[in-house]
Amino acid sequence: FYAAGGEPSSRIAAQGSVPLAVTDLTALSSSEGEEAAARAAREEEQTPFDLANGPLFRARLLRLAGDEHVFVMANHHIVSDAWSAGILFRELGALYGAFANGRPSPLPPLPVQYGDFAEWQRGADHAEALSRQLSYWKARLEGAPAVLDLPTDRPRPAVQGFGGRRESASFSESTTAALSAFGQSEGLTLFMTLLAGFTALLSRFTGAADVVVGSPIAGRTRPELEGLIGCFLNTLVLRTDVSGDPSFRELARRVREASLGAFSHQDLPFEKLVEELNPDRSLSHSPLFQVMFMLQNAPKSDLEMEGLEVESVPFALSTSKFDLTVSLSPAGGRLGARAEYDVDLFEGETIARWLRHFEALLESALRDPDAPISTLRLLTREEERRVVIDWNRTEAPLPVEGPLPRMFEAQAAETPEAIAAVFEDEQWTYAELNARANRIARRLQEAGLSSGSLVAICLDRSLAMVASLLGILKAGASYLPLDPDYPRERIDFMIADAPVSGLLTSRVLAGRFENLAMPVLLAEDAIAGPAGGAQDPATGNLPDGSGLDDRAYLIYTSGSTGRPKGVEIPHRALANLIGSMRTKPGLSRDDVLLSVTTLSFDIAALELYLPLVTGARLVLVSREIASDASRLLERIARFGVTAMQATPATWLLLLHGGWQGGAPERIFCGGEALSRDLASELQGRCRELWNFYGPTETTIWSAIHPVRGKIESASVPIGRPIANTRMYVLDPGGHPAPVGIPGELFIGGAGVALGYWNRPELTAEKFVPDPFAGDGGRLYRTGDLARYRADGTLEFLGRLDGQVKLRGFRIEL
Ligand code: AMP
Ligand code: MG
């Protein structure tokens, strides 16, 4: 096959001969010999053919012993296909037997040659049929998705690599039998039933409602062609509409229609179709489809040679033409499944899992063919137990002394003289902070603000702010943070919307709260003790003001749409978070944590309380300093800061501000996805890097991840749930999604909020019964898309747009 004037042409040699090189390996041990043979086969696989000059196949004979040989033959696909291999074996066997016995070739002359076929295919008679077929395909593939977005293990490279490996599996006899039985009763071929299952699987993996796969077809549509060696193979593009969550029975009907249509328009060569459709070409993926599916039901013919014992030596090609090729073949009452996959995209482990999911889905579909495909099971019981139970074994006795004030008081009793909190040139010991918080608590109680009250707090960042928060909680009340920098309307809205019964603010800020019909306390006054430093009885600890089930704070989240909603967080959830984080990542008494986050962002609570229950030192900075990299860096150095929590945006600010690292040496990052790039920048500048993940509705952070080593995924994993927290990745049918497959993240356990204040409908929609715990607990549906990695850590993939719906479901375990 050569180029003549830029056009491909062919010429047929009058006669050809292909040398059979013989390599003597008899000197090697038998295992060395086998290795050498495998190497030779690999060499043949990787040596290109000279298409213009031929030969287009090569053969080698490796002599392992006087009576043991390996015969290696490689041919270019341009002159052969899978069907041809069977013919080649048959004819090779016949010729060997004849020639070995000195007889002439027993093969009859061929009625037609490949060249005749090529001519016919290009001839005028055929042209019209092809143009009719082309119109069929154009209509059929109109608007088809260009890429099937499989959840890959690694991002797709810009240029497809074609390196491949294989995984295989074998379906059980019962699945195999059920497939045939279903096909018979529904009038489907085995191919159609399997393709329906495979299409359902791909749709479940990708969420796609329009699934396109390729499938090879023998292309020997006339009897004269059946005995020819040559490339007749064609590829059909099978597009199935999976919209409307059909049942398996309905999907199989759609697949049958699509397949029958495709089969009756199978003559148009795939290459021609691509040329005509001219899709946007990309080097990163193959055109029209990226996943191939096939059923090999032609009986496999073995090579037989007279006087020899012949067996085939397994040899796996190291290439993959597509992202994934799944081929099934019946063998002894069972179906064998083989998958060839692109090694740039997938791990073998993933593909092996997919083959298991394929069988599980078929089993589930055949058991109940009228169930919507979104409800079919993908996981085996064992896999389901792993994701639902084993990866959620986070039960730990609440490692706390009681509600947060008790935790702090215990710490203050242990390290009264240690510095608890620092703000610019002011610093308070644990004993001082506790005394001031107690005094504020009593003042609040005197003003009628105690158990059950909600106290709005509007203060600039300061030590008084910290004492006020503790004071409110000690009084048995809960707090509503109001950021002094918020626009007036926003503050007014929150005060009107929430059940506020009092306000704690400062002299400078009080001006904006005139005419408020509730007690307003000024922090300066509440904190002030008797003159002369006399021991004030008002500074002793108070009796418990609230229980673990009472509200600790109410905080507004903006949400992407609609009016802000108030999330009510109980003491149990707050204590659980602080208790869990005290264990991991933990703080030591030598740690100095810098708090930069505004109080109206729930994560501020971690920064304020974690140091105060561990004996560490809390350093606060004002909002102006927190948003100015160079001044922030100066404070980090001045106060000997060792740890800091901030969003990726703030860490970027520091990097842009020329931060070289060193301090803080412990980095807690959270609130948005931590990109691989930012993470590696940070890794190079600190001793310890953590990714924290969590919605406000499940109390600040629900999952944490220590970032170590090289990061493979585009963003850093969000890790595993904290103590007494369970996470589920559920597919649209409400089933636990398999490892690697995206689903919506649901969170249950101790961190789940009481709900949204005064929004019963929204609360019912977002806080749903936990079907896995069976203890009446609730799950918060995060609206986040996530998936498990094989080691049980979670990856965050983005936000959902509400297209995923939770149906009523119950999983039996
Ligand atoms: P909020 O309720 O305002 O705290 O926002 C919570 C949302 O922020 C989560 O549902 C996620 O979408 C996102 N989020 C928080 N932390 C992370 C993280 N570490 N990685 C990715 N997204 C995060
Ligand atoms: Mg949050």
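As the structure lists them, so they are numbered: ligands from 1, and atoms in each ligand from 1. Since this is a predicted model, take the numbers as computed values, not measurements.
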- Item | Contact check, side chains of P664 and C686, non-hydrogen atoms, under 4.5 Å | no

- Message: Can you tell me how the ring of F346 sits relative to the ring of W354, calling it parallel under 30°, perpendicular over 60° and tilted otherwise?
- Response: perpendicular

- Carboxylate-amine/guanidinium proximity below 4.0 Å for E765 and R781: no

- Query: Side chain, backbone, both or neither: which part of E672 has a heavy atom under 4.0 Å from ligand 1?
  - Reply: backbone

- In terms of heavy-atom contacts, does CD of E672 have more than 12 from other residues, nucleotides or ligands at under 6.0 Å? yes

- Under 4.0 Å from one or more heavy atoms of P695, ligand 1 contributes atoms 2 (O), 6 (C)

- May I ask you to list the atoms of ligand 1 that are less than 4.0 angstrom from any heavy atom of A673? 20 (N), 21 (C), 22 (N)

- Number the atoms of ligand 1 from 1 as they appear, then name those within less than 4.0 Å of a heavy atom of N691, with their elements. 19 (N)

- F601, any N or O under 3.5 Å of ligand 1 N or O: no

- Query: Any salt bridge between D784 and R799, counting N to O under 4.0 Å?
  - Reply: yes

- Mind checking whether F796 contacts ligand 1 via backbone (N, CA, C, O), side chain (CB onward), both or neither, at a 4.0 Å heavy-atom cut-off? side chain

- Any N or O on T557 sitting closer than 3.5 Å to an N or O of ligand 1? no

- Message: With respect to T696, determine whether any N or O atom, backbone or side chain, lies less than 3.5 Å from an N or O atom of ligand 1.
- Response: yes

- Closest approach of Q645 to V596 (non-hydrogen atoms, all atoms of both residues): O-CG2, 3.6 Å

